[in-house]
2 protein chains.
Amino acid sequence: MKMPMTRAADRAYDEIRSLILSGDAPPGSQLTEEHLAEICGVSRTPVRDALRRLEAELYVVRSDSQRVFVADWSLEEVEEIFALRGMLEAHAAGRAARRLTSAQIESLRGFNADLRDAVMRPAPDVAAFLEANRAFHNLIIDAAQSPRLAANLATLVEQPIVRRTARQYGRDQLERSMREHDELIQAFASRDNGWAGAVMTAHIRRAYHAFSEAAPRLKAAE
Amino acid sequence: MKMPMTRAADRAYDEIRSLILSGDAPPGSQLTEEHLAEICGVSRTPVRDALRRLEAELYVVRSDSQRVFVADWSLEEVEEIFALRGMLEAHAAGRAARRLTSAQIESLRGFNADLRDAVMRPAPDVAAFLEANRAFHNLIIDAAQSPRLAANLATLVEQPIVRRTARQYGRDQLERSMREHDELIQAFASRDNGWAGAVMTAHIRRAYHAFSEAAPRLKAAE
DNA sequence: TGTGACGCTATTGTGTACAAACCTGCCTCG
DNA sequence: CGAGGCAGGTTTGTACACAATAGCGTCACA
């Protein structure tokens with residue numbers, strides 16, 4: 001039995017990405033190839049590779065001349081991201097409604113059960129909620145069977161600031177997400193692509209408003 | 001006066017990209033780093049860089065293990081690309097309607113004049129048409145002032161197969177494009193973002209149908 | 001004291017060497 | 001005659017050395 005032996009470039013990608021998502025590398029901070037190479041225990045070459053990918057996904061930006069910084073998104077940009085996500089993910093939901101197998105729909109039910117577990121405990125487990133939510137949305141994107149759509153959405157789904165903000169959500173918001181997922185599953189089960197798309201549009205839009213209410217509280221807490 | 005001195009990686013990117021767009025590197029053919037390095041007159045390092053970018057934009061795909069091939073798109077994928085472009089570019093047009101300066105609207109008129117020149121000559125100049133069309137659409141995307149939207153559209157706008165198919169278009173199709181651009185300009189001038197978005201949706205959708213009629217003729221000609 | 005030039009340092013860009021992985025064709029053995 | 005495996009060549013992955021460039025502080029001079 002041999003370990004899958006990931007490439008150094010992939011390990012560097014995962015490592016740097018989680019530095020950004022966790023907030024250890026705060027927005028606006030500079031990332032130098034050498035420093036990252038040291039952290040990841042590899043040479044600069046695979047780090048360069050990883051940074052190119054992270055740049056394409058807009059996790060990092062390059063200054064006018066080639067220095068790399070962690071992306072720092074304004075609230076306006078987050079609004080735009082939600083608008084794009086709404087369009088693309090509604091499209092994905094419509095396609096998925098025509099393509100999901102019944103086994104996949106069963107999986108969606110499973111993810112939503114996990115989500116319920118995370119929400120219903122005395123103190124909601126936000127990390128578990130986010131994980132189940134991620135699995136739910138990714139399965140839909142996958143079922144849409146459009147590599148290009150998936151590539152575009154990949155740059156939109158994981159937003160550090162939204163992730164951090166989610167810890168501020170009240171139980172009511174989390175429960176609403178859960179109910180909206182239930183309705184999506186109904187739309188999928190009846191193969192109604194128009195319904196699925198509309199519910200997804202509303203779901204993302206509502207998520208945006210939850211975010212924009214919570215974000216100022218987060219700012220204030222800093 | 002010193003030349004801007006582009007980086008080798010950028011030159012390699014442009015070179016490889018035009019190999020793909022021109023058809024010199026046909027869909028499905030393998031691209032090896034060493035061969036490309038030779039063609040571009042640089043070492044493998046900047047070629048790797050360029051290939052990463054082209055991969056992110058889906059001009060090339062990587063096989064299960066890391067060999068690079070020119071992407072070969074099915075007609076279904078092209079349909080999906082037009083669907084995504086329609087959504088995103090309509091969104092861009094809506095944003096642009098609220099942001100275009102009058103100088104920019106004047107530029108759009110200029111591009112459409114170029115387009116008219118290209119169409120109205122005895123034998124329509126398709127290359128000039130495509131160039132003016134590209135400039136027109138890019139200005140709108142730029143005016144939308146959304147880097148993320150621009151990044152997503154960048155992977156959708158230049159499609160080798162569509163480019164080749166355009167040579168099959170009749171004068172009527174080219175004239176319709178021109179008239180639709182005129183209507184877009186009207187919508188922009190009146191700052192009506194709903195109108196602009198709707199016209200753009202129709203424009204892209206009509207372009208898809210022009211493509212899907214011409215594509216079989218292209219296939220037959222091979 | 002303000003400003004511009006200079007040089008130092010930090011950082012990225014490129015070339016090259018070598019290692020690892022992979023594909024291919026052939027050869028052996030059942 | 002087919003399957004498996006074992007070279008050998010091809011291609012990509014990684015490290016490292018050195019070159020080029022941008023940012024920054026300092027110092028001289030007006």
Side-chain angles (χ1 to χ4, degrees), chain A residues 1-20 24-72, chain B residues 1-20 24-72 147 151:
Chain A
M1 183 80 178
K2 192 163 142 264
M3 264 300 282
M5 192 44 191
T6 65
R7 289 175 307 158
D10 292 333
R11 278 181 286 127
Y13 173 85
D14 290 337
E15 182 81 30
I16 298 168
R17 187 163 170 279
S18 61
L19 280 178
I20 295 172
D24 286 351
S29 61
Q30 184 174 3
L31 298 176
T32 73
E33 295 178 356
E34 193 142 14
H35 182 212
L36 294 172
E38 204 175 306
I39 290 176
C40 302
V42 299
S43 86
R44 274 179 51 212
T45 310
V47 169
R48 279 179 73 82
D49 239 52
L51 286 177
R52 281 268 177 253
R53 269 188 278 171
L54 292 163
E55 184 190 359
E57 295 167 6
L58 301 188
Y59 284 110
V60 304
V61 296
R62 294 186 108 87
S63 73
D64 51 353
S65 218
Q66 304 306 114
R67 283 172 161 71
V68 174
F69 300 85
V70 178
D72 187 9
Chain B
M1 183 79 177
K2 190 160 144 268
M3 263 300 281
M5 190 42 191
T6 66
R7 289 173 308 155
D10 292 332
R11 278 181 286 127
Y13 173 85
D14 290 337
E15 182 81 29
I16 298 168
R17 189 162 170 279
S18 61
L19 280 178
I20 295 172
D24 285 351
S29 62
Q30 184 175 4
L31 299 176
T32 72
E33 294 178 355
E34 192 141 14
H35 182 212
L36 293 172
E38 205 175 304
I39 291 176
C40 302
V42 299
S43 85
R44 276 178 50 210
T45 310
V47 170
R48 280 179 72 80
D49 239 53
L51 285 178
R52 281 269 178 251
R53 268 188 278 172
L54 292 164
E55 185 191 358
E57 295 168 5
L58 300 189
Y59 284 110
V60 303
V61 296
R62 294 185 107 88
S63 74
D64 50 352
S65 220
Q66 303 306 114
R67 283 169 162 71
V68 174
F69 301 85
V70 178
D72 186 11

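Chain naming here is simple, since letters A, B, ... match the order of the sequence lines and numbering starts at 1 in each.
As a whole-Å value, the separation of A:E38 CD from C:dA10 C1' is 14 Å. Look at CG on A:D64: it is 10 Å from C1' on D:dG23, rounded to the nearest Å.
If you run side chain to side chain donor-acceptor pair (under 3.5 Å) between B:Y13 and each of B:R52, B:E57, B:R7, only B:E57 comes through.
In this structure, the separation between CD on A:E38 and OG on A:S43 is 13.0 Å, given to the nearest 0.5 Å.
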Distances under 3.5 Å only, N/O to N/O: pair up the protein atoms with those of nucleotides 12-15 of chain C.
| from | atom 1 | to | atom 2 | distance (Å) |
| --- | --- | --- | --- | --- |
| C:dT12 | OP1 | A:L31 | O | 3.4 |
| C:dT12 | OP2 | A:E33 | N | 3.0 |
| C:dG13 | OP1 | A:Q66 | NE2 | 2.8 |
| C:dG13 | OP1 | B:R7 | NH1 | 2.9 |
| C:dG13 | OP2 | A:R48 | NH1 | 2.6 |
| C:dG13 | OP2 | A:R48 | NH2 | 3.1 |
| C:dG13 | N7 | A:R44 | NH2 | 3.0 |
| C:dG13 | O6 | A:R44 | NH1 | 3.1 |
| C:dT14 | OP1 | B:A8 | N | 2.4 |
| C:dG15 | OP2 | B:S43 | N | 2.7 |
| C:dG15 | OP2 | B:S43 | OG | 2.8 |
| C:dG15 | N7 | B:T45 | OG1 | 2.7 |

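Counting heavy atoms of neighbouring residues, nucleotides and ligands inside a 6.0 Å radius, atom CD of A:Q30 exceeds 12 of them.
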For residues 61-71 of chain A, which side-chain N or O atoms pair as donor and acceptor with protein atoms under 3.5 Å away, sequence neighbours left out?
| from | atom 1 | to | atom 2 | distance (Å) |
| --- | --- | --- | --- | --- |
| A:R62 | NH1 | A:E55 | OE1 | 3.1 |
| A:S63 | OG | A:S65 | N | 3.4 |
| A:S63 | OG | A:R67 | N | 3.3 |

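Inter-residue side-chain proximity for B:V47 and B:H35 is flagged as unmet; no heavy-atom pair is nearer than 4.5 Å.
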